[in-house]
Amino acid sequence: MSRDLVELAKRRGYFFQSASAYGGVSGFYTYGPEGATLKDNVEDAWRERFQVREGHREIDAPTVMPEPVFEASGHLDTFDDMLVECPECGESHRADHLIEDNTDIEEAESIPISEVEDLIADHDLRCPNCDAELAGVPVEDFNLMFETNIGPGDSSPGYLRPETAQGIFVEFPQLAEYARNQLPFGITQIGKAYRNEISPRKSIIRVREFTQAELEHFIDPTEDEPPLDRVADVELTLYSAEEQEKDDGEYVTKTVREAVDEGIVHEWIAYYLGVGKQWYESIGVDMDRFRYRQHLPGERAHYSADCWDAESEVDGDWIEITGYSYRSDYDLGKHDEYSDDDFTVFKQYDEPKVVERATVDPDMSYLGPEFGGAAGDIADALETLAERDRKAFDGEEVAVEVGGEEYAIPTEKTGFSVEEVKETGEHVLPHVVEPSIGIDRVVYTVLDHAYETDEIEGETRTRLALEPAVAPTFVGVFPLMDKDGMGEVAREITDDLRAAGLDVTYDDSGNIGRRYRRQDEVGTPFCVTVDYESLEDDAVTLRERDSTEQVRVPISDLDDLLADLQAGETTFAELDAPAPEQ
RNA sequence: GCGCCGGUGGUCUAGUGGUAGGACAUGAGCUUCCCAAGCUCAUAGCCCGGGUUCAAUUCCCGGCCGGCGCACCA
């Protein structure tokens, strides 16, 4: 089945391995003419549903970003895997995990490779699989981010982004300004992301360069609520962590409202699960091969507080096509800490609050001469002390510790005072709700779920039952034969329909049935045939892919009719048109 | 990265120590041709490198690529 689909994809221009003239590269695929358009259509549908209809806005950030971004995001630490391979049995193990499991050391991930090798030797660590000695075996570093140099030399390392999200997070200060500092607001981005996978697999499912469509919805966790009413009745197929851990775990079907009320899904996640369900269904994902699966506690990413995956069943395997993650304030907090900018939003109180605040205003003309280089740090220490423990300023002297040294400062020189301050609001770190769609996997799912074979008079017909909304070629136009003027009429119709914005393919090669089958295999939902009668009555045969039914429609109605069919305003079955005489 | 299996026109495949045959598809033509019809003609192939050999697509080694299993998938 998947072999058939991959073969069809290659033959019909959906996708194929890149650079095969040079032997190919593992994990890189090229979308052919049909595939690129299908992917565009899926992206457009996503934009329409997750962005435009939700009132969010899109940005377009670089794919290369400097190292500090990924130091802050945590990717640099958690993206480096240290692997040690057993010389006896060939099994690979995470070196840091071996150390953590067999010693008192925690967070071995941040230890340099050479020290890890020493630690393995010192503790005489052995292969968990076959107990062979691992001392002296080199530890290899697998960096799953693609590294590059920005500018000449290697003084400014950069990385290809492993997710598009960071491009949104790092620009949060500008984006918040754009949103006039009002929460909530959402920012989307569609673009390439890169992961240097150890072992790319399953054609387009696990690749090294892929397209993500991400939404980062910034909310105030204390007061913002999702507009649940819009999707309250949408039914979700849920596979919770609890059910997964049972031997006979089952899916439960709940509406979005029920899932929230019963505490199964976080309300913001639930909202987007509802939006997502509507979207998957609209582009042709088979809902019998679809579920939402909650991440198990040990499975969650370093940034994620709760996470549900949308999964589709493809060739009997469940694949993740979207991650719905409640990232809390992890990312903004990290960038707030690591960068010079402010990643908070100022939230004004309804009523200003009057609060007492203890402050210091140290007399630097005293601290400086008295304590020299430590003076600045002492002043900082006094400030934190005042916030934390104002009683410390009750006596004649205040004691602070700086760099292991204790200093005594006369209280009068600290400028300590308790004042009433009017606070009009506070700085809050927004929380982030993130639906992160793997476009390539969605495209693969759409193709796989559309793949049908019919038996027609003993012959197999292969057909991609793609939704008209996403089908890359929307209509095929054929002259019954290219003679007696039928070709000219068909070419005119082709031009007119293209001018109306439709994707049209013209084909006059071979028997008419053959041409229908070609389009069936590409997934073209409709075909128009110009015959001898058309030359008399200015009408043509319109044929639908899935039913192979035909109706006769006037040429002048074609563009409106087809536009309605594409937009879903009408269906072929609803057309009030006569069947052709044959 | 490890293990097993594999790699012949666009696709599917037969076969061989003396460089290849079929089917489908594709193109041109004929046929009033509405669901893969028929006929004629045409285009197009042994993954790459090294070794053995007079000679390698075939045997051996390595690589690349693919499928599956293990590990990995933040």
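Throughout, a chain's letter reflects where its sequence line sits, starting with A, and its residues are numbered from 1. Predicted model, so just to flag it, every value in this text is computed and none were measured.
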(message) I want to check one thing: is the phosphate of U11(B), taken as OP1 and OP2, less than 4.0 Å away from some side-chain N or O of Arg12(A)?
(response) no
(message) Just N and O in the side chain of Thr460(A): are any of them under 4.0 Å from OP1 or OP2 of A36(B)?
(response) no
(message) Is Arg201(A) close enough to C68(B) that one of its side-chain N or O atoms is under 4.0 Å from OP1 or OP2 there?
(response) no
(request) Output the single nucleotide from A37(B), C72(B), U31(B) whose closest atom is nearest the side chain of Lys483(A). (result) U31(B)
(request) Would you tell me if any nitrogen or oxygen in the side chain of Ser509(A) comes within less than 4.0 Å of OP1 or OP2 on G27(B)? (result) yes
(message) Of the options C33(B), U13(B), C72(B), whose atoms approach the side-chain atoms of Glu197(A) most closely?
(response) C72(B)
(request) Have a look at Asp520(A) and tell me which of Arg461(A), Arg515(A), Arg514(A) forms a salt bridge (charged side-chain N to carboxylate O under 4.0 Å, His left out) with it. (result) Arg461(A)
(request) Could you point out which residue of Tyr272(A), Tyr292(A), Phe50(A) forms a ring pair (Phe, Tyr, Trp, His ring centres under 6.0 Å) with Tyr324(A)? (result) Tyr292(A)
(message) Please give the distance between the P atoms of G49(B) and C41(B) as a whole number of Å.
(response) 36 Å
(message) Over 60° means perpendicular and under 30° means parallel, so tell me whether Phe28(A) and Phe146(A) are parallel, tilted or perpendicular.
(response) tilted
(message) Taking side-chain contact (heavy atoms from CB on, under 4.5 Å) as the criterion, tell me which of Val442(A), Val42(A), Thr164(A), Ile190(A) meets it with Thr211(A).
(response) Ile190(A)
(message) For U11(B) and Arg11(A) - does any side-chain N or O of the residue sit under 4.0 Å from the phosphate oxygens OP1/OP2?
(response) no
(message) Less than 4.0 angstrom between a side-chain N/O of Lys202(A) and OP1 or OP2 of C68(B), yes or no?
(response) yes
